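Hydrogens, waters and symmetry mates play no part in the numbers below; they use all other heavy atoms, side chains included. Treat the numbers as computed from the prediction; the structure is a model and nothing was measured.
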Amino acid sequence: MIAEMVGRSIENEYPPRVKAIGDTILEVKGINTKKLHDISFTARKGEILGFVGLVGAGRTETVRAIFGADKRHSGEIYLEGKKLDIHSPGDAIRAGFGFVTEDRKQQGLLLNFDVGTNITMASFDHFTSGGIFDKKKEQQIIDHQIEALSVKTPNSDVMLYK
């Protein structure tokens, strides 16, 4: 039917992919929080892991607990076989984790700050030393990120919310 619609065969247009599933990269065992009960899963190299469900099913809370944004009562997290001690987002970031919230406007941005500050707020350690703030280096990082991420803004001093 597709050949009749497009005038040619498309058999080789989307060749089958070899599914090479590797070793376990992330393992979560028995996570418990105020809202979660005994959450466990593994993610292996080559897999894409997603959490789906209705509002209130616990998908957001699961990721927040792993990232250290919500307090865990128990449970263990392993990255490439190494047990992690994550109690805060800072611990998670140092372990190599990142987090993009579902509601960036309410939870991911400081709306009363400018674009530049929102770009660099999580990486102040890259341009501060001994309490000294290097504004020139911060601006270089801001300019680079605006270009690299194609941020649509007239300049980095624009306030996000007026």
Side-chain angles (χ1 to χ4, degrees), residues 20-36 39-53 55-162:
I21 303 301
D23 296 334
T24 297
I25 299 293
L26 177 67
E27 185 173 9
V28 172
K29 294 182 179 180
I31 295 289
N32 289 286
T33 69
K34 185 177 177 181
K35 295 182 178 183
L36 301 174
I39 303 296
S40 299
F41 61 87
T42 60
R44 299 178 180 275
K45 186 174 183 174
E47 290 182 323
I48 297 173
L49 175 66
F51 295 97
V52 298
V55 172
R59 56 188 163 71
T60 301
E61 292 82 358
T62 299
V63 177
R64 287 180 56 86
I66 293 166
F67 192 67
D70 289 348
K71 183 179 178 178
R72 284 184 287 117
H73 300 303
S74 61
E76 299 173 340
I77 302 167
Y78 296 86
L79 184 62
E80 297 181 331
K82 178 184 172 194
K83 186 176 178 182
L84 301 178
D85 191 26
I86 296 176
H87 298 287
S88 70
D91 293 339
I93 291 167
R94 283 186 286 282
F97 286 89
F99 180 77
V100 178
T101 181
E102 288 177 295
D103 187 346
R104 290 176 295 158
K105 187 172 182 182
Q106 293 296 317
Q107 298 175 347
L109 297 171
L110 297 175
L111 295 177
N112 56 339
F113 284 74
D114 60 45
V115 171
T117 301
N118 273 275
I119 288 173
T120 60
M121 69 179 146
S123 58
F124 282 146
D125 59 325
H126 293 350
F127 49 86
T128 58
S129 177
I132 306 295
F133 187 87
D134 187 342
K135 183 68 177 166
K136 183 177 178 182
K137 188 169 183 182
E138 180 197 29
Q139 191 62 51
Q140 290 171 344
I141 292 169
I142 291 168
D143 293 342
H144 172 76
Q145 291 295 82
I146 286 174
E147 183 176 337
L149 300 173
S150 300
V151 176
K152 303 295 184 219
T153 182
N155 62 61
S156 62
D157 296 326
V158 170
M159 299 300 286
L160 294 178
Y161 184 75
K162 295 179 183 182

Note, K35 side chain near R64 side chain (heavy atom, < 4.5 Å): no
Can you give me the closest heavy-atom contact between A65 and L36, atom names plus distance? CB-CD1, 4.2 Å
Are any side-chain N or O atoms of S88 and backbone N or O atoms of D91, one a donor and one an acceptor, separated by less than 3.5 Å? yes
Side chains of Y78 and K29: does their closest heavy-atom pair fall under 4.5 Å? yes
For the residue pair F99 and F67, categorise the inter-ring angle as parallel (less than 30°), tilted (30 to 60°) or perpendicular (more than 60°). parallel
CG (D23) with more than 12 external heavy atoms under 6.0 Å: no
State, yes or no, whether a side-chain contact exists between D114 and T117 at a heavy-atom distance under 4.5 Å. yes
Are I66 and I77 packed together at the side-chain level, in the sense that at least one heavy-atom pair is separated by less than 4.5 angstrom? yes
Only one of Q140, Q145, E138, H144 forms a side chain to side chain contact (heavy atoms under 4.5 Å, CB included) with I142, so which one is it? E138
Exercise: identify the closest heavy-atom pair between P89 and G68: CD-O, 3.3 Å
Just wondering, do F51 and T60 contact through their side chains at under 4.5 Å, heavy atoms? no
Return yes if a side-chain donor-acceptor contact under 3.5 Å exists between T33 and E61, otherwise no. no
Nearest atoms (heavy-atom pairs only) where F113 meets N118: O-ND2, 3.6 Å
Any side-chain to backbone donor/acceptor pair from K45 onto I25? Under 3.5 Å, distance only. no
Please check if the number of heavy atoms outside H73 that lie under 6.0 Å from its NE2 is greater than 12. yes
With a 4.5 Å heavy-atom cut-off, do S156 and I119 have their side chains touching? no
Does the side chain of Q139 reach to within under 4.5 Å of the side chain of F127, using non-hydrogen atoms? no
Closest non-hydrogen atoms of V158 and P154, given as atom of the first, atom of the second and distance, are CG2-CG, 3.6 Å
Main-chain N/O of G30 paired to N32 side chain as donor or acceptor, under 3.5 Å: yes
Quick one, I86 and R72 - any side-chain contact, counting heavy atoms below 4.5 Å? yes
Any sub-3.5 Å donor-acceptor pair from T24's side-chain atoms to L26's backbone N or O? no
Would you compute the distance between atom CG of L79 and atom CD of E27 and round it to the nearest 0.5 angstrom? 11.0 Å
